[in-house]
Amino acid sequence: QVQLVESGGGLVQPGGSLRLSCAASGSIFKSLRMAWYRQAPGKERDLVATITQGGSTYYADAMKGRFTISRDNDKNTVYLQMDSLQPEDTAVYYCDAHTPLVRYWGQGTQVTVSS
């Protein structure tokens, strides 16, 4: 069993930055593919970015050049650096950890971009 705890959300002005963190419990973090998703009110949960066990990354088109996903296996933590934030980035951001057999979700952290 893996528990995921996100932090770092909040209110930021357009053009600002935030860094989200997701701390994972347990000893299998290195074997987990990690990802960030987001869900805006009334919309589906969408993929933001993924990072493999080896550190390879993937970004949804809308996030390329603005968001950076990274992981620290020593700290069992995955990060999402978000720059040049815009109002359309407002959503609840969820951390995801998965293997081919199982998937875990965090509780989410709210990001609001507004002036």
Side-chain angles (χ1 to χ4, degrees):
Q1 186 74 12
V2 174
Q3 292 185 328
L4 304 174
V5 179
E6 299 103 331
S7 61
L11 174 64
V12 63
Q13 292 186 342
S17 298
L18 283 175
R19 188 175 83 153
L20 305 182
S21 299
C22 172
S25 66
S27 60
I28 63 169
F29 181 78
K30 292 181 180 179
S31 66
L32 298 171
R33 179 183 290 247
M34 303 297 297
W36 287 96
Y37 286 74
R38 69 184 186 185
Q39 187 167 19
K43 295 188 176 181
E44 294 184 351
R45 190 172 297 188
D46 293 327
L47 177 66
V48 173
T50 67
I51 186 165
T52 69
Q53 296 87 331
S56 297
T57 59
Y58 167 85
Y59 298 93
D61 286 344
M63 290 72 175
K64 289 179 180 177
R66 299 191 302 128
F67 290 10
T68 304
I69 189 171
S70 61
R71 65 190 296 162
D72 186 333
N73 289 337
D74 291 333
K75 296 182 178 179
N76 283 11
T77 301
V78 63
Y79 303 97
L80 185 67
Q81 177 67 40
M82 304 185 295
D83 299 318
S84 301
L85 284 163
Q86 299 302 317
E88 52 266 34
D89 295 314
T90 295
V92 177
Y93 284 71
Y94 294 92
C95 178
D96 160 84
H98 58 275
T99 71
L101 298 178
V102 66
R103 186 174 217 128
Y104 304 97
W105 290 100
Q107 82 287 351
T109 185
Q110 177 70 47
V111 172
T112 302
V113 185
S114 175
S115 56

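By convention here, the first residue in the shown sequence is residue 1.
- Closest approach of Ala40 to Ala91, counting heavy atoms only: N-CB, 3.8 Å.
- Linking Ile, Leu, Val, Met, Phe, Trp and Tyr whenever their side-chain heavy atoms come within less than 4.5 Å leaves Tyr79 and Tyr37 in two separate clusters.
- Using a 4.5 Å cut-off between side-chain heavy atoms of Ile, Leu, Val, Met, Phe, Trp and Tyr, with links allowed through other members, Trp105 and Val2 fall into different hydrophobic clusters.
- Note that the OG atom of Ser31 and the NE2 atom of His98 stand 11.5 Å from one another [nearest 0.5 Å].
- Residues Leu20 and Val111 have side chains in contact (heavy-atom distance under 4.5 Å, counting atoms from C-beta outward).
- Heavy-atom contacts from other residues, nucleotides or ligands closer than 6.0 Å to CD of Gln13 number 12 or fewer.
- Taking every heavy atom of both residues into account, Leu32 and Ala97 meet most closely at CD1-CB, 3.9 Å.
- Residues satisfying the side-chain hydrogen bond (donor to acceptor under 3.5 Å, both in side chains) criterion with Ser17, sequence neighbours excluded, are Asp83.
- Tracing side-chain contacts under 4.5 Å through hydrophobic residues (I, L, V, M, F, W, Y), one reaches Tyr93 starting from Val12; they form part of the same cluster.
- The minimum heavy-atom distance linking Pro14 with Gln86 is given by the pair CB-OE1, 4.4 Å.
- A single hydrophobic cluster is seen to contain both Val48 and Leu4, as judged by linkage of ILVMFWY side chains at heavy-atom distances under 4.5 Å, directly or through other members.
- The main-chain N or O of Thr52 is found under 3.5 Å from a side-chain atom of Arg71 such that the two form a donor-acceptor pair.
- Shortest non-hydrogen contact noted between Ala35 and Ile69 is CA-CD1, 4.4 Å.
- Put simply, the side chain of Asp96 never gets that close to the backbone of Arg103: no donor and acceptor are under 3.5 Å apart.
- Residues Thr90 and Gln110 have side chains in contact (heavy-atom distance under 4.5 Å, counting atoms from C-beta outward).
- At a threshold of 4.5 Å between non-hydrogen side-chain atoms, the residues Val78 and Trp36 count as touching.
- Using a 4.5 Å cut-off between side-chain heavy atoms of Ile, Leu, Val, Met, Phe, Trp and Tyr, with links allowed through other members, Ile28 and Met34 fall into the same hydrophobic cluster.
- For the pair Tyr59 and Ala49, the tightest heavy-atom approach, listed with the atom from each and the gap, is CD2-CB, 3.6 Å.
- Between the Glu6 side chain and the Cys95 main chain, a donor and an acceptor come within less than 3.5 Å of each other.
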Pair Arg45, Arg38 - check side chain to side chain contact (heavy atoms under 4.5 Å, CB included), show working. CA-CA 5 Å; Arg45 190 172 297 188; Arg38 69 184 186 185; over 6 Å; no
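- Between the OG1 atom of Thr99 and the CD atom of Gln53 there is a distance of 9.0 Å, given to the nearest 0.5 Å.
- With contacts defined as side-chain heavy-atom distances shorter than 4.5 Å, the pair Asp74/Phe29 does not qualify.
- Inter-residue side-chain proximity for Asp46 and Met63 is flagged as unmet; no heavy-atom pair is nearer than 4.5 Å.
- Arg66 has its side chain out of reach of Met82: every pair of non-hydrogen atoms, C-beta onward, lies at least 4.5 Å apart.
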